[in-house]
Amino acid sequence: VQLQASGGGLVQPGGSLRLSCEASGFTLDDYTIGWFRQAPGKEREGVSVFSINDGATYYSDSAKGRFTMTRDNAKNAVYLQMNSLKPEDTAVYYCAADATYYSGFYYLNRPGVMDYWGKGTLVTVSS
């Protein structure tokens, strides 16, 4: 099982970025998949999770209305479109997967539950 996140970079406040996460060695259809982030000096936190428990996508309060998570099953990939970026969105962003049937909010609040993690991609929001 491998996950590879990409698409990070430097963007000005108010700008947009699209992160990609490609999976190999397993089929995303069978897993809960999520985006998480870790800012310097802070704990890792959930951003967005698609849960196989109910087929719904969940967002953290900070991501709701600005970020959109999508899936492309044909490419075995997920994406995170981030709009209206703020300096506080600066973090290393990770994609992660898990095969257990927890609720989306459970995963958002407990990143450590996710079994598989890819290397992160750095997003810096600064003028």
Side-chain angles (χ1 to χ4, degrees):
V1 174
Q2 286 192 330
L3 296 162
Q4 181 62 56
S6 62
L10 174 64
V11 62
Q12 291 187 344
S16 298
L17 274 178
R18 184 181 186 234
L19 305 184
S20 301
C21 175
E22 295 185 358
S24 59
F26 70 105
T27 303
L28 279 178
D29 279 356
D30 299 329
Y31 287 77
T32 285
I33 186 81
W35 286 97
F36 300 83
R37 69 186 184 186
Q38 188 164 17
K42 294 188 176 181
E43 293 186 353
R44 194 168 296 187
E45 63 177 1
V47 176
S48 177
V49 170
F50 174 85
S51 173
I52 55 173
N53 184 49
D54 58 8
T57 303
Y58 295 78
Y59 296 93
S60 65
D61 287 343
S62 62
K64 204 172 298 182
R66 299 187 300 127
F67 294 2
T68 303
M69 180 178 177
T70 56
R71 298 159 59 102
D72 186 334
N73 291 333
K75 294 183 178 180
N76 212 31
V78 295
Y79 307 95
L80 185 68
Q81 178 66 43
M82 304 187 295
N83 299 328
S84 303
L85 283 161
K86 306 174 182 179
E88 51 263 42
D89 293 318
T90 295
V92 177
Y93 284 71
Y94 301 87
C95 57
D98 188 81
T100 311
Y101 283 67
Y102 296 126
S103 73
F105 285 124
Y106 187 90
Y107 284 111
L108 277 179
N109 295 317
R110 295 169 179 81
V113 172
M114 305 296 280
D115 277 340
Y116 305 105
W117 291 84
K119 291 184 180 180
T121 184
L122 176 63
V123 172
T124 303
V125 184
S126 174
S127 55

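Only this structure's heavy atoms are used, side chains among them; waters, hydrogens and symmetry mates stay out.
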Please determine whether a side-chain nitrogen of the Lys or Arg among K86 and D89 lies less than 4.0 Å from a carboxylate oxygen of the Asp or Glu.
no
Distance from T57 atom OG1 to F50 atom CZ, nearest 0.5 Å?
5.5 Å
Hydrophobic cluster identity match, L28 and I52, side-chain contacts under 4.5 Å
yes
So S60 and R37, side chain to side chain contact (heavy atoms under 4.5 Å, CB included) or not? Walk me through it.
CA-CA 11 Å; S60 65; R37 69 186 184 186; 5.6 Å; no
Between I33 and M69, is a side chain to side chain contact (heavy atoms under 4.5 Å, CB included) present by the stated rule, with each step listed?
CA-CA 10 Å; I33 186 81; M69 180 178 177; 3.5 Å; yes
Closest heavy-atom pair, P13 versus S127, reported as atoms and distance to 0.1 Å, is CD-N, 3.7 Å
For a 4.5 angstrom cut-off between non-hydrogen side-chain atoms, does S103 reach S51?
no
The remaining residues in the hydrophobic cluster of Y106, counting side-chain heavy-atom contacts under 4.5 Å among Ile, Leu, Val, Met, Phe, Trp and Tyr, are F36, V49, Y58, V92, Y94, Y102, F105, Y107, L108, V113, M114, W117, L122
Nearest 0.5 Å, what's the CD-CG distance between E22 and D72?
10.0 Å
Closest non-hydrogen atom pair between Y79 and A77, with its separation
OH-CB, 3.6 Å
Residues Q2 and F26: closest non-hydrogen pair is O-CE2, 3.7 Å
Of all heavy-atom pairs between V47 and A63, which one has the smallest distance, and what is that distance?
O-CB, 3.7 Å
Rounded to the nearest 0.5 Å, what separates atom CD in Q4 from atom SG in C95?
7.5 Å
Can you list the residues that meet the side-chain contact (heavy atoms from CB on, under 4.5 Å) rule with V11, with sequence neighbours excluded?
L17, L85, V125
Kindly indicate, with the supporting measurements, whether the criterion side chain to side chain contact (heavy atoms under 4.5 Å, CB included) is fulfilled by Q81 and T70.
CA-CA 8 Å; Q81 178 66 43; T70 56; over 6 Å; no
Are S24 and N76 side-chain neighbours, meaning at least one heavy-atom pair lies under 4.5 Å?
no
Straight-line distance of D54 CG to Y101 OH, nearest 0.5 Å:
11.0 Å
Applying side chain to side chain contact (heavy atoms under 4.5 Å, CB included), run through F67 and W35 and close with a yes or a no.
CA-CA 11 Å; F67 294 2; W35 286 97; over 6 Å; no
Can you see which heavy atom on L3 is nearest to which on A23, and at what distance?
CD2-CB, 3.8 Å
Judged by atom type as modelled, is there a donor-acceptor pair below 3.5 Å linking the side chain of D98 to the main-chain atoms of D115?
yes
Working to the nearest 0.5 angstrom, can you tell me the gap between Q38 CD and E43 CD?
8.5 Å
Let me confirm one number: the CZ-SG distance from R71 to C21, rounded to the nearest 0.5 Å.
10.5 Å
Determine the minimum heavy-atom distance between S16 and N83, stating which atoms define it.
OG-OD1, 2.9 Å
